[in-house]
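Structure record follows, encoded as structure tokens.
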There are 2 protein chains.
Amino acid sequence: MLTNERHAYILKKLEKKQTVKIQELVDETSASESTIRRDLTELENQQKLERVFGGAILPGRNLIEQSVTDKSTQNLNEKIQVARAAAELVKTGDSVFLDAGTTTFQMVPFLKNKDLVVVTNGLTLLDTLNEYGITTYLTGGLFKPKTSAFVGSQTIQALKNYRFDICFLGVNGLHEEYGYTTPDPEEAAIKLLASSLSRKTFVLADHSKINQVSFAKIMDLENAILIIDSMPTEKLDAYRKKTSVKVAHE
Amino acid sequence: MLTNERHAYILKKLEKKQTVKIQELVDETSASESTIRRDLTELENQQKLERVFGGAILPGRNLIEQSVTDKSTQNLNEKIQVARAAAELVKTGDSVFLDAGTTTFQMVPFLKNKDLVVVTNGLTLLDTLNEYGITTYLTGGLFKPKTSAFVGSQTIQALKNYRFDICFLGVNGLHEEYGYTTPDPEEAAIKLLASSLSRKTFVLADHSKINQVSFAKIMDLENAILIIDSMPTEKLDAYRKKTSVKVAHE
DNA sequence: ACATAATCAATCAAAATCGTTCATAAACAA
DNA sequence: TTGTTTATGAACGATTTTGATTGATTATGT
């Protein structure tokens, strides 16, 4: 039996029965347990199924929703705290830019019923925004699967057609001297542009980003208001000399 | 056994069984393993099949993906046939526009390894294109959940930044007098614009669309080459007086 | 909580398959 | 004839897939 045939067999059975057991597959395909196990891990990598102890089940959802359910998000509770505080700053009827990122993503549920127009370059946000009935424009552009974000000149071009009341940016680094930074220069360019098109700019971060410096600089601390879940008092004083800081409390 | 005979034999068997194994072919044709292997690589270059370890499978959408494919698509086999014929027209290095739609979606598997740049306004295509490692630009714009397509002025604006070697459009209606039509005027506008930005335009349809008229007109028959799975002879003659028609055969 | 059984990930060696090279033989052209 | 092209099969080392083994991990029954 060819490798592909086995894979097809497994998926067909999975679709029909909802679950498959390794031992059954060993009997039915007369391949060794090792081979079946390898097949399953391979198919799991292709997101065609999900491994469980002793077999496999149908995968959770489609690609878009999967990244939503991503439990690997670090500091989730802190991010939600920040996201809620940020969402409270949005007024009914505002035009809003939401950066691609996990923190901005958490804002979406808090934005419903505000009659907004939202523009984003993050694919993951699109689905959820639509789910909450929020009118959404996607910038488009070159798609980067790794971050599920759109970047590049087309994205820049598309952005320039808009003016925002308010924009929210996620960052990876937050440093008194080096300002706000992020790993990808292309995404940095987008963030900076969005900020310049907005009347107000807010940067979202959790405390783990303090004193971190990523590769590409976005802007100086002075040019945006920081929203963060918590910050040591002495740091806070120092930062407040440079910019506004809003600490999100439960 | 002659080379051509072997090739025909292999393809016939492949058609019937979905997969062929090299060892089987060696036994059945009493040719050496080397010869069979040469046959398979040759047929792969002709895109008639796809090599896998130990044998070959049908090209494009392989067994695995077939079992996962959304079966709710009407006339799937016809669409795949059309899609394959369409994909053969794409040359290495081309810049391609793919319309949002189920038929264009079926083209994706046949486009890999062609080093393309693809632009689309269909969200469903994005995932699959990336899966096959194809550089993809999404137009962006206002998202219509119903068709998973982006439309509106921003989409138009974004499109105008491109020029395409070749563009493929799906249609809902196909009529001698009324030309190509589709239910949504906004999508019609996108299709028309894309066509005007392309050196060559192909319209994809299956035979169920013949004589149908949808709400919004896209263009006259003259302005694009039609690719269809089959068409009654007398119709075909009539159409051929107006435009080029390519009938996809197995 | 404990013991037992099932499953797991990792490793290794054997087997199958791969791509390549080379030599032979048939088909073809000058 | 002679030389050239084309198809073929055999042989080689390289690569991929496979199955068995091991000790660790997880589930299950008492």
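Chain letters run A, B, ... following the sequence lines, proteins first and then strands; every chain starts at 1. These numbers come from the heavy atoms of this one structure, side chains and all, not from hydrogens, waters or symmetry mates.
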**OP:** Check every strand shown and say whether A:Val52 touches a base, only sugar-phosphate, or nothing at a heavy-atom separation below 4.0 Å.
**Re:**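 Result for A:Val52 = sugar-phosphate.
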**OP:** Pick base, sugar-phosphate or nothing for B:Thr35, based on heavy-atom distances below 4.0 Å to the nucleic acid.
**Re:**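 B:Thr35: backbone/sugar contact only, no base atoms under 4.0 Å.
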**OP:** Measure distances between side-chain N and O atoms of A:Ser32 and base N and O atoms of D:dA20, and say whether any donor-acceptor pair falls under 3.5 Å.
**Re:**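 Side chain to base: no pair below 3.5 Å.
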**OP:** Measure distances between side-chain N and O atoms of A:Arg38 and base N and O atoms of D:dG19, and say whether any donor-acceptor pair falls under 3.5 Å.
**Re:**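 Pair found.
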Rounded to whole Å, please give me the gap between [atom1] in [X] and [atom2] in [N].
X       : N      : atom1 : atom2 : answer
B:Asp39 : D:dA7  : CG    : P     : 10 Å
A:Leu40 : C:dA9  : CG    : C1'   : 14 Å
A:Glu42 : D:dT16 : CD    : P     : 13 Å
A:Arg37 : C:dC8  : CZ    : C1'   : 6 Å
B:Phe53 : D:dT18 : CZ    : C1'   : 10 Å
B:Lys21 : D:dT18 : NZ    : C1'   : 16 Å
A:Leu2  : C:dA16 : CG    : P     : 15 Å
A:Leu25 : C:dT7  : CG    : C1'   : 14 Å

**OP:** Check the angle between the aromatic planes of A:Tyr178 and A:His175 and answer parallel, tilted or perpendicular using the 30° and 60° thresholds.
**Re:**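 Aromatic pair A:Tyr178/A:His175 classed tilted.
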**OP:** Measure the acute angle between the ring planes of B:Phe168 and B:Phe202, then classify it against the limits of 30° and 60° as parallel, tilted or perpendicular.
**Re:**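 If you compare the ring of B:Phe168 with that of B:Phe202, the planes turn out parallel.
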Look at the side chain of [X] and decide which nucleotide, out of [options], has an atom nearest to it.
X       : options               : value
A:Arg51 : D:dT8, C:dC8, C:dG19  : C:dC8
B:Ala31 : C:dC18, D:dG9, D:dA20 : D:dG9
B:Gln23 : D:dA7, D:dT18, C:dT17 : C:dT17

Subject >> 4.5 Å side-chain heavy-atom contact, B:Leu14 and B:Leu58 >> reply: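 Sidechains of B:Leu58 and B:Leu14: in contact.
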Original post:
Please walk me through it: do A:Asn172 and A:Gln212 pass side-chain contact (heavy atoms from CB on, under 4.5 Å)?
Top reply: CA-CA 7 Å; A:Asn172 275 66; A:Gln212 298 292 318; over 6 Å; no
Original post:
Is the number of heavy atoms from other residues, nucleotides or ligands under 6.0 Å of A:Lys21 NZ greater than 12?
Top reply: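 No, the 6.0 Å shell around NZ holds no more than 12 heavy atoms from other groups.
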Subject >> Presence of A:Thr3 side-chain N/O under 4.0 Å of D:dT18 phosphate oxygens OP1/OP2 >> reply: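 Affirmative; the distance criterion is met.
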